[in-house]
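Report on one structure; see the data block that follows.
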Amino acid sequence: MSCYKIYLKPKKEESLLRFHPWVFSGAIQTMDQKLEEGALVEVYSSDNRFLAIGHYQIGSIAVRVLSFKRRPIDHQFWVDKIHSAYQLRCVLGLANTPNNNTYRLIHGEGDFLPGLVIDIYANTAVMQAHSVGMHMCRMEIAAALKEVMRDELQNIYYKSETTLPYKAGLNSENGYLLGHDIDDIAIENGLKFRVDWQKGQKTGFFVDQRENRKLLEQYAKGRSVLNMFCYTGGFSFYAMRGGAKLVHSVDSSAKAISLTNKNVELNFPGDPRHEAYAEDAFKYLEQMGSNYDLIILDPPAFAKHKDVLRNALQGYRKLNAIAFEKIKPGGILFTFSCSQVVSKENFRLAVFSAAAQSKRNVRILHQLTQPADHPVNIYHPEGEYLKGLVLYVE
Ligand code: SAH
């Protein structure tokens, strides 16, 4: 197969030699004029050494690497990569077990497939392309996925309408690449969920909080819980299973509240301990009393770009400050940031300032991150995005 080529400027090969999976546009010396976004391209050093093969894209990241070895990007390539990812989820005890059928199978760079995300909900895979290259390979990826997972997989829903670069003008439509709509129930750590991958946010469910929800369960006994930014209610049912006295779920989206209520009903039918409110977080926090002794703050990414970092940090500080002010003595706060551009240190600093403002004694009990099915490629530390702190507030 003939392939397009890119030649780097002298000395610009170093990050690729350290297996970092991106080539920035500034590193490029020359490239084929006919190279189009999404095409496969081989990357060479200035002295003509093969370095990597990947998908070309327009923008500051010019190539996302698929392989550092010279190999065809064919059916076998996709099967190998997906198989390796699936094996890891089996090792982690997430796949192929009656207690759990919800997990991330492909986490972009973390599974050496930059630009691709696949989440599994029971017998359905929800696939998201973040690059034109992955979009163009979607049918090959779907075929490989079915080959690896066989009967465990009945449906593949492709959901890239909002994740592909807007400027590429692909007008991709969401829809099934395999199977059809089914009313299936997903299971996470033995708890049941209905996932609306068609209308829900992201792939329909925040799979990345699984371990943190489990930890919360251990602290819930006898506590009055506020699950702020609840979305589909994940933390709420874990708190209920953990023996919480009461659980209040809050989200500004009425649709999210309706999903939360349905999911609570699925696990704890008729349980009077739970109530859910569709309300703005800041409004609710300002108006609430001081009765909660377990609060979860899991807001959406406050910063999607570096230029809004300052505002985002202020947002985290303000949000956490109200929680520190209102949480009952002896209370426990689970606080998170999923913004990739906010570093662990910056997040900690924002929470630290909020704590200082309240003048209360605060101790860090746990420092949380994303779970093992959202692995961080060791050569791509940017892949670490979820940060959380569990705090004991006297
Ligand atoms: N904790 C959830 C995921 C949270 S995602 C889980 O475990 O699944 C962030 C949520 O914040 C979204 O559901 C979004 O609707 C909600 N949200 C965004 N802005 C908000 C605001 N100002 N007040 C309350 N909720 C908000």
Side-chain angles (χ1 to χ4, degrees), residues 100 102-104 119 121 126 162 186-189 191-197 199-217 219-220 225-242 244 247-264 266-267 274-288 292 294-304 308 311-312 314-323 333-340 342 368-371 373-374 385-390:
N100 195 83
T102 303
Y103 57 94
R104 177 154 294 191
D119 285 341
Y121 302 112
V126 181
T162 55
I187 300 171
E188 184 186 90
N189 286 324
L191 286 161
K192 294 180 233 157
F193 304 84
R194 230 173 262 281
V195 185
D196 187 351
W197 45 79
K199 294 196 208 84
Q201 302 175 37
K202 304 273 171 97
T203 65
F205 187 69
F206 286 82
V207 188
D208 57 0
Q209 289 287 23
R210 182 195 320 104
E211 299 306 320
N212 303 332
R213 291 180 187 128
K214 206 167 157 187
L215 181 67
L216 176 103
E217 182 177 353
Y219 283 107
V225 180
L226 171 63
N227 180 9
M228 181 53 77
F229 307 99
C230 66
Y231 186 41
T232 50
F235 283 102
S236 301
F237 354 114
Y238 278 78
M240 291 174 80
R241 189 166 67 177
V247 179
H248 291 164
S249 306
V250 180
D251 198 289
S252 56
S253 149
K255 213 164 21 172
I257 291 302
S258 144
L259 283 166
T260 293
N261 281 327
K262 279 187 195 149
N263 284 333
V264 168
L266 201 60
N267 291 286
H274 180 258
E275 280 169 40
Y277 307 99
E279 210 164 317
D280 174 72
F282 284 96
K283 195 165 159 218
Y284 188 93
L285 289 165
E286 291 290 359
Q287 289 174 359
M288 73 183 196
Y292 296 114
L294 180 49
I295 297 180
I296 303 121
L297 299 175
D298 184 23
F302 280 172
K304 297 224 160 104
V308 289
N311 288 349
Q314 264 171 20
Y316 288 119
R317 190 181 49 72
K318 213 173 125 196
L319 186 66
N320 283 280
I322 315 179
L333 175 63
F334 276 64
T335 183
F336 296 95
S337 162
C338 60
S339 310
Q340 192 155 8
V342 173
L368 307 178
T369 183
Q370 63 220 55
D373 57 337
H374 293 58
Y385 70 99
L386 185 62
K387 300 152 286 283
L389 293 169
V390 181

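Both ligands and their constituent atoms are indexed starting at 1 by order of listing. Keep in mind that what you see is a predicted model, and the values were worked out from it rather than measured.
Short contacts between ligand 1 and S253, defined as distances under 4.0 Å to a heavy atom of the residue, involve ligand atoms 15 (O). For ligand 1, the atoms lying closer than 4.0 Å to a non-hydrogen atom of Y231 are 2 (C), 3 (C), 4 (C), 8 (O), 13 (O). Those atoms of ligand 1 that come under 4.0 Å of a heavy atom in R213, given as number and element, are 6 (C), 7 (O), 8 (O).
In this comparison of I296, D280, L297, the heavy atom closest to atom 21 (C) of ligand 1 sits on D280. By heavy-atom distance, the residue among L319, N212, V250, D298 lying nearest atom 1 (N) of ligand 1 is D298.
In this structure a side-chain-to-backbone donor-acceptor pair under 3.5 Å is missing from T369 to K387. Looking at S339, its side chain never comes within 3.5 Å of a backbone N or O of V342 through a donor-acceptor pair. Panel note: side chain N267, backbone L191; no donor-acceptor pair is recorded below 3.5 Å.
Shown here for F334 and N212, the closest heavy-atom pair between the two residues is CE2-O, 3.8 Å. Of all heavy-atom pairs spanning C338 and P299, the tightest one is SG-O, 3.8 Å.
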Would you give me the side-chain donor-acceptor pairs under 3.5 Å for residues 279-287, sequence neighbours excluded?
from	atom 1	to	atom 2	distance (Å)
D280	OD2	F282	N	3.1
D280	OD2	K283	N	3.2
Y284	OH	Y292	OH	2.6

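The shortest N/O to N/O separation between D251 and ligand 1 falls below 3.5 Å. Remark: ligand 1 and Q209 share no N or O pair separated by less than 3.5 Å (distance only, no angle test). At a 3.5 angstrom cut-off on N or O pairs, A281 counts as close to ligand 1.
Here F336 and F235 bring their ring centres to under 6.0 angstrom of each other.
Closest to atom 18 (C) of ligand 1 among all protein heavy atoms lies P300 CG, 3.5 Å. Annotation: atom 4 (C) of ligand 1 to nearest protein heavy atom, F229 O, 3.3 Å. When only non-hydrogen protein atoms are considered, atom 25 (N) of ligand 1 lies nearest to S252 N, 3.1 Å.
The closest approach between any non-hydrogen atom of M228 and ligand 1 is not below 4.0 Å. Ligand 1 is never approached by K283 to a heavy-atom distance shorter than 4.0 Å.
Relative orientation of the Y121 and W197 rings is parallel, given thresholds of 30° and 60° on the angle between their planes.
For E211, the side chain to side chain contact (heavy atoms under 4.5 Å, CB included) criterion is met by K214, P371, not counting sequence neighbours.
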